[in-house]
Amino acid sequence: MKSTTARQVALSVALVAALTGVAACGSQKADKAVANLTPLAALRSAEKSTDKAESAKVRSSTTIGDTMSMTANGALTWGGGLKGNLTITYTGGKLAEAMRRAGAASMQARYLPDAYYAKMSEQFAQQSGGKHWIRYAYDDLAKLGGGSGAYMKDQMQNTTPNQSVKLLLASGDVKKAGEETVSGVHTTHYSGTVDVADLAGKNGNLSAGQLADLKKQLSQAGVTTETVDIWINDQSLLVKKVEKAQMATGAMTSTAYYSDYGVRVTAVAPPASDTKDFKDLMKSSRGDAASGSGISS
């Protein structure tokens with residue numbers, strides 16, 4: 001039971017890391033001379049700049065012990081809810097092995113305010129009535145995942161792109177770690193440590209019961225604190241973000257790079273005729289298991 005909870009929380013963290021990969025960015029009118037500001041002032045400047053941003057390209061990588069490692073590349077927009085398109089590639093771990101067996105080591109992911117969609121392989125389509133896309137409604141994921149699911153839903157629907165900046169501001173534990181060149185531009189590096197459950201309570205929209213459930217699941221999964229490092233350029237735009245945490249399933253590391261602010265992003269739901277709902281898929285899988293057909297999802 002404990003290992004199952006740990007895997008659920010690990011995958012929830014991975015999903016949030018992948019889907020909310022654009023952590024902070026802003027307009028060209030942001031304050032300059034970031035390197036000369038105090039850490040809190042610099043982060044507040046980046047946060048304000050972010051609120052004016054509309055979209056960006058992102059490339060990221062996430063690893064959780066031997067459970068999974070993945071990369072994501074694409075573009076996201078956050079006006080009116082997170083939307084965008086990413087290509088996700090599972091590069092290692094148990095999840096990658098399972099995805100390779102399903103013929104989907106790499107897939108398209110499409111994000112809308114109420115759900116995200118994953119385009120699966122032809123092998124999967126043959127087992128799901130010819131449908132290539134799976135729809136994961138955030139409401140359904142919240143019900144399936146308990147407290148961690150409710151937190152994931154909240155993050156997906158309410159997180160602004162500058163989440164890592166807000167994490168450091170809310171923690172009160174932030175320091176300047178130096179000046180570095182990242183992706184060919186001068187940046188200032190800031191670092192801090194956050195209490196995951198405490199910040200979930202401060203920044204989330206969870207009920208008391210959901211928060212208590214989340215804290216219990218985080219404890220079982222071995223998640224207590226998370227280190228956050230961000231690199232901000234001289235225009236108060238985020239260039240790089242790294243988040244690290246120790247979990248029962250192993251070390252979690254999520255790294256993301258940002259560029260091309262203002263890029264045009266269009267995301268629409270796939271055709272309903274080519275889409276299978278995850279909730280229905282789970283029901284059919286349970287039915288198949290009961291009847292012994294063993295069709296894999």
Side-chain angles (χ1 to χ4, degrees), residues 13-28 30 32 34-35 39 42-43 45-47 49-64 68-79 82-92 106-111 116 155-156 159-169 174 176-192 194 226-245 251-265 267:
V13 172
L15 180 61
V16 171
L19 302 193
T20 58
V22 174
C25 45
S27 70
Q28 295 298 326
K32 295 185 178 182
V34 173
L43 294 188
S45 177
E47 183 184 17
S49 303
T50 302
D51 289 337
K52 300 177 183 179
E54 295 182 353
S55 62
K57 289 184 178 179
V58 58
R59 55 186 176 90
S60 67
S61 62
T62 302
T63 301
I64 300 180
M68 62 159 284
S69 60
M70 58 179 283
T71 63
N73 293 278
L76 300 172
T77 182
W78 45 90
L82 185 69
K83 294 181 289 186
N85 305 278
L86 296 177
T87 297
I88 295 177
T89 302
Y90 296 93
T91 56
S106 180
M107 67 182 186
Q108 296 178 41
R110 193 171 296 175
Y111 310 107
Y116 83 95
Q155 291 288 286
M156 290 305 306
T159 293
T160 57
N162 59 350
Q163 183 64 14
S164 60
V165 177
K166 289 185 176 182
L167 285 175
L168 290 182
L169 282 171
V174 57
K176 180 179 175 179
E179 298 179 30
E180 304 170 27
T181 299
V182 178
S183 299
V185 300
H186 174 265
T187 68
T188 304
H189 177 191
Y190 299 94
S191 181
V194 302
E226 177 179 288
T227 61
V228 179
D229 290 82
I230 61 176
W231 287 258
I232 300 174
N233 69 13
D234 295 337
Q235 288 74 45
S236 289
L237 302 176
L238 191 78
V239 177
K240 179 183 177 182
K241 177 269 301 182
V242 177
E243 296 182 28
K244 295 182 179 180
M252 187 279 286
T253 302
S254 174
T255 303
Y257 294 87
Y258 316 98
S259 64
D260 297 271
Y261 301 106
V263 64
R264 181 180 175 84
V265 179

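Scope of the values below: all heavy atoms of this structure, side chains included, with no hydrogens, waters or symmetry mates.
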Check: How far apart are the C-alpha atoms of Thr89 and Ser106, what are their side-chain angles, what is the distance that settles it, and do they pass the side chain to side chain donor-acceptor pair (under 3.5 Å) test?
Finding: CA-CA 4 Å; Thr89 302; Ser106 180; 3.2 Å; yes

Check: Can you check side-chain contact (heavy atoms from CB on, under 4.5 Å) on Leu76 and Leu82, steps first, answer last?
Finding: CA-CA 7 Å; Leu76 300 172; Leu82 185 69; 4.2 Å; yes

Next item on the list: Show the numbers, then the answer: is there a side chain to side chain donor-acceptor pair (under 3.5 Å) between Thr71 and Ser61?
Entry: CA-CA 4 Å; Thr71 63; Ser61 62; over 6 Å; no

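Across every non-hydrogen atom of Lys240 and Leu238, the tightest pair is O-CD1, 3.5 Å. The shortest heavy-atom contact between Tyr90 and Met107 is OH-CE, 3.3 Å. Considering every non-hydrogen atom in both Glu180 and Trp231, the closest pair reads OE1-NE1, 3.0 Å. A pairwise comparison of heavy atoms in Ala267 and Tyr111 identifies CB-O, 4.0 Å as the closest pair.
A side-chain contact (heavy atoms from CB on, under 4.5 Å) with Val58 is found for one member of Asn73, Asp260, Leu86 and no other, namely Leu86.
A donor-acceptor contact shorter than 3.5 Å is absent between the side chain of Thr188 and the backbone of Glu179. Within the 3.5 Å criterion, the main-chain N or O of Thr63 finds no donor-acceptor partner in the side chain of Ser69.
Here the side chains of Ser254 and Lys241 are in contact, with some heavy-atom distance below 4.5 Å. Proximity of Leu43 to Ile230: side-chain heavy atoms (C-beta onward) are separated by under 4.5 Å at one or more points. Tyr257 is listed as a side-chain neighbour of Ser183, based on a closest heavy-atom distance under 4.5 Å. In this structure the side chain of Tyr190 reaches within 4.5 angstrom of the side chain of Ile232, judged on heavy atoms. Lys57 places none of its side-chain heavy atoms less than 4.5 Å from the side chain of Tyr258.
Atom CE of Met70 sits about 9.0 Å away from atom CD1 of Ile64, to the nearest 0.5 Å. For the atom pair OG of Ser55 and NZ of Lys83, the computed distance is 11.0 Å after rounding to the nearest 0.5 Å. Within the model, atoms CD1 of Ile88 and CG of Asn85 stand 11.0 Å from one another, a figure rounded to the nearest 0.5 Å. Here the straight-line distance linking atom CD of Glu243 with atom CD of Glu226 works out to 4.0 Å at 0.5 Å rounding.
A donor and an acceptor atom, one from each side chain of Asp229 and Ser191, are located under 3.5 Å apart.
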